[in-house]
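One structure is given below, encoded as structure tokens.
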Amino acid sequence: MSQTKTAVAEHVKSPERELSAKPRSPSPQPHDSRAPSQVPSSPKSSAARLTSPAPESASRATPAPERTPAPSTPAPSTPAPAAAPADPQPDALDEEISEEKVIDLDTFNQILDLDEDETHDFSLGMAEAYFTQASTTFVDMDQAFEKKDLAKLSSLGHFLKGSSAALGVSAVQATCEHIQHYGALRDEENGTDLTAEDALAKIGPLLKRVKREYEVAERWLKNWYKQNATPAEA
């Protein structure tokens, strides 16, 4: 580094002597003034490459502004971190709504015991009927929520709770029970009454949750019958 500094100092001092010795020729002055500005750039860039190793630039976002100091670069970098927190939310919800927590295997096995053979025609028919009922009920729930019809939401929650319990879809059953109570302006967990606004505020997130729980349950049930049910002979 001392040799580099000495070289830079010699390059910087040399144009000063030339300027004092040759004041009559203006053309060398811009040439000499540009020469020292170009010389120091090389040791700075070489020193920057030595001090900033390649692995750090790949793992950190800070080297990016150094390579592109233009103010336009921070703008495209801002949407990336904004989208990052959105990803963990579905993942956290999926972990909470896992297949193990959505299906009550004890109840489902009791339904399978009613099948007469490996075709599982009886329980499969129950599952397919449940799929149709749930899809229709969700549409009715959305319409009732838009109309702020709490009595209708309570009735639909009670209906889907019963059909879910019969097939062992315990997660949908539990969420629909909450919708049933909130629609009746009642918080059974805390033992308190609710206003219409409070009830709607509680039901809104539950409608999103129960649909996700149903999707997990439907996928699990369809996969189970695909893998275990023997097609009936024609």
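No experiment lies behind these values; they were computed from the predicted model shown.
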Answer with yes or no whether the hydrophobic clustering places Val139 together with Leu150; edges join I, L, V, M, F, W, Y residues whose side-chain heavy atoms lie under 4.5 Å apart. no
Are the side chains of Leu221 and Leu167 in touch, meaning some heavy atoms are under 4.5 Å apart? yes
Applying side-chain hydrogen bond (donor to acceptor under 3.5 Å, both in side chains) as the test, list every pair that has at least one member in residues 105-114; sequence neighbours left out. Asp104-Thr107
Please collect all salt bridge (charged side-chain N to carboxylate O under 4.0 Å, His left out) contacts where either partner lies in residues 161-190, sequence neighbours excluded, each pair once. Arg186-Glu188, Arg186-Asp193
Kindly say whether Ala171 contributes a backbone atom to a donor-acceptor pair with the side chain of Thr175 at under 3.5 angstrom? yes
Let me see the working for Thr192 and Asn190 under side chain to side chain donor-acceptor pair (under 3.5 Å), right down to the final yes or no. CA-CA 6 Å; Thr192 58; Asn190 298 321; 5.0 Å; no
When rounded to the nearest 0.5 angstrom, what distance separates CD in Gln173 from CD in Gln180? 10.5 Å
Please tabulate, one pair per line, all N/O donor-acceptor pairs under 3.5 Å involving side-chain atoms of residues 196-207, not counting sequence neighbours.
residue: Asp198; atom: OD2; partner: Thr195; partner atom: OG1; Å: 3.0

Can you name the nearest heavy-atom pair linking Ile103 to Ala217, along with the distance? CD1-CB, 3.9 Å
CD on Glu213 to NZ on Lys208, rounded to 0.5 Å: 14.5 Å
side-chain contact (heavy atoms from CB on, under 4.5 Å) partners for Ala144, two or more places apart: Asp149, Lys152, Leu153
Out of Thr132, Leu160, Asp142, which one pairs with Thr137 under the side chain to side chain contact (heavy atoms under 4.5 Å, CB included) rule? Leu160
Please list all pairs passing the ring pair (Phe, Tyr, Trp, His ring centres under 6.0 Å) test where one or both residues lie in residues 134-169, with sequence neighbours left out. Phe138-Tyr214
Enter the distance from Tyr182:OH to His178:NE2 here, rounded to the nearest 0.5 Å. 5.5 Å
Evaluate Trp220 against Val169 for side chain to side chain contact (heavy atoms under 4.5 Å, CB included), listing each step before the verdict. CA-CA 10 Å; Trp220 187 91; Val169 187; over 6 Å; no
Salt bridge or not between Glu215 and Arg219? Use side-chain N to carboxylate O under 4.0 Å. no
Only counting residues at least two apart or in another chain, list the ones meeting side-chain contact (heavy atoms from CB on, under 4.5 Å) with His120. Leu112, Asp115, Glu118, Ser123, Trp224, Tyr225, Ala229
Decide yes or no on side chain to side chain contact (heavy atoms under 4.5 Å, CB included) for Ser170 and Val102, but give the supporting numbers first. CA-CA 6 Å; Ser170 56; Val102 168; 5.9 Å; no
Nearest non-hydrogen partners of Gly157 and Cys176, listed with the distance: O-CB, 3.3 Å
